[in-house]
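Here's the structure, in structure tokens; my notes come after.
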Amino acid sequence: AKYGDGWFPLMGPGDDAAATIAAIRAAMTAEGRDPGSLGIQAQAQARGGTPERWRKNADQCRELGATHLAIATMNAGLTSPADHIAAIRQYKELVS
């Protein structure tokens with residue numbers, strides 16, 4: 001809260017994430033910092049994910065205040081750089 005300008009949550013969207021974000025923002029305010037300046041990068045997993053799950057996750061993350069969304073493509077059975085790029089493009093198209 002005193003020095004950081006972003007957070008990479010290691011949890012999915014939900015009550016715990018909302019409480020943690022509220023605590024970070026309160027601590028930033030206590031430090032005299034603008035809590036609206038906090039960047040939050042949420043992440044989805046290509047492995048085991050479906051377009052419906054990605055959309056739901058993205059919507060929930062946005063509702064919590066995520067400023068960035070990422071898709072992890074490792075361990076998803078993709079076999080080439082082109083496959084990883086295609087998965088990233090698909091994710092972007094679905095959640096944008």
Side-chain angles (χ1 to χ4, degrees):
K2 188 172 185 173
Y3 300 111
D5 59 3
W7 181 49
F8 294 86
L10 298 177
M11 62 182 73
D15 293 341
D16 289 342
T20 303
I21 292 166
I24 293 169
R25 288 183 171 151
M28 289 178 77
T29 299
E31 290 291 336
R33 297 186 61 210
D34 174 14
S37 68
L38 178 69
I40 302 170
Q41 180 178 303
Q43 182 171 290
Q45 299 292 323
R47 181 185 68 188
T50 65
E52 293 76 24
R53 284 182 68 188
W54 294 338
R55 277 190 211 103
K56 181 179 177 183
N57 181 67
D59 290 344
Q60 291 172 326
C61 290
R62 282 188 194 102
E63 289 172 14
L64 287 172
T67 56
H68 299 77
L69 295 170
I71 180 89
T73 60
M74 300 307 293
N75 301 313
L78 305 173
T79 59
S80 71
D83 290 345
H84 287 269
I85 292 168
I88 293 165
R89 282 191 177 128
Q90 179 188 24
Y91 176 78
K92 181 183 177 193
E93 289 170 9
L94 288 167
V95 303
S96 292

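This chain uses plain numbering: 1 for the first residue, then up along the sequence.
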Could you check whether any side-chain N or O of Asp83 sits under 3.5 Å from a backbone N or O of Thr79, counting only pairs where one atom can act as donor and the other as acceptor? yes
Minimum heavy-atom distance between Arg33 and Pro35, given as atom pair plus value: O-CD, 3.1 Å
Contact check, side chains of Ile85 and Arg89, non-hydrogen atoms, under 4.5 Å: yes
Report yes or no: does Arg25 contribute a side-chain atom to a donor-acceptor pair with the main-chain N or O of Leu38 at less than 3.5 Å? no
Looking at every non-hydrogen atom in both residues, tell me the closest pair between Gly65 and Ile40 and how far apart they are. O-CD1, 3.9 Å
Under the side chain to side chain donor-acceptor pair (under 3.5 Å) test, residues paired with Ser96 that sit two or more places apart: none
Heavy-atom side-chain contact between Arg47 and Met74 under 4.5 Å: no
Supply the members, apart from Leu69, of the Ile/Leu/Val/Met/Phe/Trp/Tyr cluster built from side-chain contacts under 4.5 Å; use none for a lone residue. Trp54, Ile71, Ile88, Tyr91, Leu94, Val95
List the atom pairs, with distances to 0.1 Å, where a side-chain N or O of residues 1-21 and a protein N or O form a donor-acceptor pair under 3.5 Å, not counting sequence neighbours.
{"unit_1": "Thr20", "atom_1": "OG1", "unit_2": "Asp16", "atom_2": "O", "d": "2.9"}

Applying salt bridge (charged side-chain N to carboxylate O under 4.0 Å, His left out), run through Lys56 and Asp59 and close with a yes or a no. CA-CA 5 Å; Lys56 181 179 177 183; Asp59 290 344; over 6 Å; no
